[in-house]
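Quick note on labels: first sequence line is chain A, next is B, and so on, each numbered from 1.
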Amino acid sequence: MPELPEVETIKRGLLPHIKNTVIKNIIIRQPALRWPVPSILKTALPNSKITDITRRGKYLLFKIKNTDSNNNLLVIHLGMSGSLRVVDPDIPLKKHDHVDIILDNNKILRYHDPRRFGAILWIENGSVDNHIRFKDLGPEPLTDNLTGEYLFNKAKNKKLPIKNFIMTNSNVVGVGNIYATEALFYAKINPLKSVDLITLKEWNKLVLEIKKVLEKAIECGGTTLKDFMHSDGKPGYFKQQLAAYGRADKPCIKCHNALSTIRQQGRATVYCEHCQK
DNA sequence: CAACCGCCCTGGGAGC
DNA sequence: TGCTCCCAGGGCGGTT
């Protein structure tokens, strides 16, 4: 399940294989992802050049340049189980290989997604900022736009558990269940605590821990879970470093009491009742 | 409006 | 061995 560090890792892994290649063709075998894969891609993409890949939250943005317009974006979200691989043409298709983007360097950018929670979007001659999927997104966590003060102000007069708050995209992007769980553990904040009770000092600490845990995961090449592989097929190495996520009933690494599990908005939350207040 | 909840989807693991 | 049930969970859309 790619979260922000995995998406960033995929972006970095893809760039050297993809940048400045020309798309020869696109094959859409299964258009039914979260939203239908736009069929216009079949005419829009061929003979266009991929000039760059950037990221907004968990969305990968492929800059596409053709003769008519310089500002097209191919947007790919990997959802829960999506992956992108750069493969040779003789690599046999696997089940759930839904889309192939055939490049002029004799490689294929292959989209694979068993659960089909991912999405492929097309933004023609425009930027992401005004797009319906992007205009309400909160700041990027690894930039100076995310500060404790920003979250403190954003949370004023709201009443909801802090974990739900930091996992909401309009507050801050890219903090999914794994890293929300980890950051709250390191910040020693109880995931159930309502945001209106969090002090500015606690917000500052939490923001610091969010940035630290995301940066560390990127350094490690993303967390390896069932569905995540690097774009070159090698797994990441972060999972063994998780302190709370996936460690229900195991001893807290700080106080050695057993970690607790609860469910919040249908997601598992693991935390230490002793350390997280 | 804020907050909440159900739903989309498939594979894998547990239990019987 | 095969069946059923549950879980993974981001993000949307409907309801309270």
Chemist: Using OP1 and OP2 only, check whether a side-chain N or O of A:Lys95 sits under 4.0 Å from B:dT10.
Modeler: no
Chemist: Please examine the side chains of A:Glu140 and A:Arg56, heavy atoms only from C-beta on, and report whether any two atoms are closer than 4.5 Å.
Modeler: yes
Chemist: Measuring to OP1 and OP2 of B:dC9, would you say a side-chain N or O of A:His96 lies under 4.0 angstrom away?
Modeler: no
Chemist: Look at A:Arg116 and B:dT10 and indicate whether a side-chain polar atom (N or O) is within less than 4.0 Å of OP1 or OP2.
Modeler: yes
Chemist: Provide, to the nearest angstrom, the distance between the CG atom belonging to A:Asn157 and the C1' atom belonging to B:dC1.
Modeler: 13 Å
Chemist: C:dA8 phosphate, OP1 or OP2: any side-chain N/O from A:Arg263 under 4.0 angstrom?
Modeler: yes
Chemist: Mind checking who shares a hydrophobic cluster with A:Val173, ILVMFWY linked at side-chain heavy-atom distances under 4.5 Å?
Modeler: A:Trp35, A:Tyr59, A:Leu61, A:Leu73, A:Val75, A:Leu121, A:Ile123, A:Val128, A:Phe134, A:Leu137
Chemist: In this structure, how many angstroms lie between the P atom of B:dA2 and the CG atom of A:Asn171, rounded?
Modeler: 10 Å
Chemist: Measure the distance from CG on A:Leu160 to P on B:dA2 and round it to the nearest whole Å.
Modeler: 11 Å
Chemist: To the nearest angstrom, how far is A:Ile132 atom CD1 from C:dG11 atom C1'?
Modeler: 13 Å
Chemist: Hey, does A:Ala268 reach any base, or is it just sugar-phosphate, or nothing, if we go heavy atoms under 4.0 Å?
Modeler: sugar-phosphate
Chemist: In whole angstroms, how far is the P atom of B:dC4 from the CG atom of A:Leu192?
Modeler: 11 Å
Chemist: Expressed in angstrom and rounded to an integer, what is the separation of A:Ile76 atom CD1 from C:dG11 atom P?
Modeler: 16 Å
Chemist: Roughly, in whole Å, what's the span from CE in A:Met167 to C1' in B:dA3?
Modeler: 15 Å
Chemist: Just how far, in rounded Å, is P of B:dC5 from CD of A:Gln264?
Modeler: 12 Å
Chemist: When you get a sec, tell me which of B:dA3, C:dA8, B:dC4 is the closest nucleotide to the side chain of A:Asn164?
Modeler: B:dC4
Chemist: Are A:Arg34 and B:dC7 close enough that a side-chain N or O sits under 4.0 Å from OP1 or OP2?
Modeler: no
Chemist: Compute whether any side-chain donor of one residue and acceptor of the other, for A:Lys163 and A:Thr269, lie under 3.5 angstrom apart.
Modeler: yes
Chemist: Between B:dA3, C:dG11, B:dC9, spot the one nearest the side chain of A:His77, thanks.
Modeler: C:dG11
Chemist: Between A:Glu202 and A:Lys205, does at least one N-O distance fall below 4.0 Å, as a salt bridge requires?
Modeler: no
Chemist: Can you tell which of C:dA8, B:dT10, C:dC12 lies closest to the side chain of A:Pro114?
Modeler: B:dT10
Chemist: Under 4.0 Å, counting only non-hydrogen atoms across every strand here, what does A:Asp113 touch: a base, just sugar-phosphate, or nothing?
Modeler: nothing
Chemist: With a 3.5 Å cut-off and no angle check, do the side chains of A:Thr21 and A:Asp104 form a donor-acceptor pair?
Modeler: no
